[in-house]
Amino acid sequence: MSPAPAGKLIVISGPSGAGKSTLVKRLFELKPGPLVSSVSATTRPPRPGERDGVDYYFISPEEFARRRSQGEFLECCQVFGSDHWYGTLRSEVTPSLQAGKWVVLEIDVQGTLEVLRQYPDAVTIFIHPGSMQELERRLRGRRTESEADIARRLEVARQELAAAHHYRYQVVNDQIERAAQELSNILLSQKGADR
Ligand code: 5GP
């Protein structure tokens with residue numbers, strides 16, 4: 001019997017408002033490989049429409065701290081510009097990798113650096129908004145945030161963009177379908193790249 005194909009860890013980051021979630025959703029439809037998403041844990045409260053166990057595992061700060069001290073997280077941090085903790089559970093990643101899946105993490109820059117320390121072969125992709133003006137337009141379009149929130153998110157976005165060089169691939173989300181194809185092609189090009 002041949003051994004199970006090696007799984008892949010795919011890390012996708014980009015500023016809030018860069019259209020990351022829509023792009024990742026489209027990537028799953030294009031299905032360049034056996035993709036599965038890792039559901040993160042967070043201490044932030046759910047937004048309207050978000051579901052526990054689907055969008056995130058919404059847990060209390062106490063439970064987060066307990067799981068952290070028990071070493072359940074592959075990486076976790078307080079995301080820049082947020083008072084909340086976010087983390088990738090090992091239980092979301094290890095079994096899927098062993099089963100040969102391509103595990104997609106949508107995490108921030110700090111988390112990515114920690115993942116790279118443990119999985120140097122992780123495929124890291126940074127999603128850029130078309131432009132800062134485009135980012136501002138998308139953030140305003142959500143109409144869920146105050147001026148102060150928008151200003152804070154734009155500042156966080158500037159900091160994140162400055163860390164884009166840590167990523168192996170850069171994708172500009174100027175047009176969703178084009179960007180999703182580019183993302184899919186990047187992953188397909190990895191197929192033969194395993195050692
Ligand atoms: P939101 O609260 O808008 O869903 O996410 C805010 C930020 O948290 C995003 O930049 C997202 O990439 C990041 N994030 C989500 N889950 C994780 C995680 O498990 N670990 C880390 N480090 N960042 C995360």
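Counting starts at 1 for both ligands and their atoms, in listed order.
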task: Step through it carefully: locate the ring centre of Tyr86, locate the ring centre of His84, and say whether they are under 6.0 Å apart.
output: no
message: Let's go through Glu92 and Arg90 carefully: what are the C-alpha distance in whole Å and the side-chain angles of both, what is the deciding distance for side chain to side chain contact (heavy atoms under 4.5 Å, CB included) to 0.1 Å, and is it a yes or a no?
response: CA-CA 5 Å; Glu92 289 286 308; Arg90 292 183 192 282; over 6 Å; no
- prompt: Does Glu106 have a heavy atom less than 4.0 Å from any atom of ligand 1?
  reply: yes
- line: Between Val36 and Lys101, the two heavy atoms sitting closest are CG2-CB, 3.8 Å
- prompt: Is it true that a side-chain atom of Ser184 and a backbone atom of Ala180 form a donor plus acceptor pair closer than 3.5 Å?
  reply: no
message: For atom 6 (C) of ligand 1, what is the closest protein heavy atom, and at what distance to 0.1 Å?
response: Tyr86 OH, 3.7 Å
- request: Output the list of atoms in ligand 1 that are nearer than 4.0 Å to some heavy atom of Arg44, sorted by atom number.
  value: 1 (P), 2 (O), 4 (O)
statement: To atom 9 (C) of ligand 1, the nearest of Lys20, Arg153, Gln78 on a heavy-atom basis is Lys20
task: Looking only at protein heavy atoms, identify the closest one to atom 4 (O) of ligand 1 and say how far it is in Å.
output: Tyr56 OH, 2.5 Å
query: Which atoms of ligand 1 sit under 4.0 Å from any heavy atom of Cys77?
result: 22 (N)
Non-hydrogen atoms of Pro32 and Trp102 that approach each other most closely: O-CH2, 3.7 Å
- request: Report the C-alpha distance between Asn173 and Arg138 in whole Å, list the side-chain angles of each, state the deciding distance to 0.1 Å, and finish with yes or no for side chain to side chain contact (heavy atoms under 4.5 Å, CB included).
  value: CA-CA 12 Å; Asn173 189 14; Arg138 286 202 192 130; 4.1 Å; yes
task: Using heavy-atom distances, let me know which of Glu114, Glu75, Arg47 sits nearest atom 20 (N) of ligand 1.
output: Glu75
- prompt: Does Ser13 come within less than 4.0 Å of ligand 1, judged by its heavy atoms?
  reply: no
The single option from Val93, Thr112, Thr124 passing side-chain contact (heavy atoms from CB on, under 4.5 Å) against Leu105: Val93
Heavy atoms of other groups near Arg178 CZ, more than 12 under 6.0 Å: yes
Residue and atom name of the nearest protein heavy atom (relative to atom 7 (C) of ligand 1), distance in Å to one decimal: Val79 CG1, 3.9 Å
field: Pick from Ser40, Ala18, Ser16: the one approaching atom 16 (N) of ligand 1 most closely through a non-hydrogen atom
entry: Ser40
task: May I ask you to identify the nearest protein heavy atom to atom 22 (N) of ligand 1, giving residue, atom name and distance to one decimal place in Å?
output: Asp108 OD1, 2.8 Å
- request: Classify the contact between Ile107 and ligand 1 as side chain, backbone, both or neither, using a heavy-atom distance cut-off of under 4.0 Å.
  value: both
message: Could you walk me through whether Leu135 and Leu154 satisfy the side chain to side chain contact (heavy atoms under 4.5 Å, CB included) test, starting with their C-alpha distance in whole Å, then the side-chain angles of each, then the deciding distance to 0.1 Å, before giving a yes or no?
response: CA-CA 8 Å; Leu135 186 70; Leu154 285 172; 3.9 Å; yes
task: Check each atom of ligand 1 against the heavy atoms of Gly111 and keep those under 4.0 Å away; list them by number with element.
output: 22 (N)
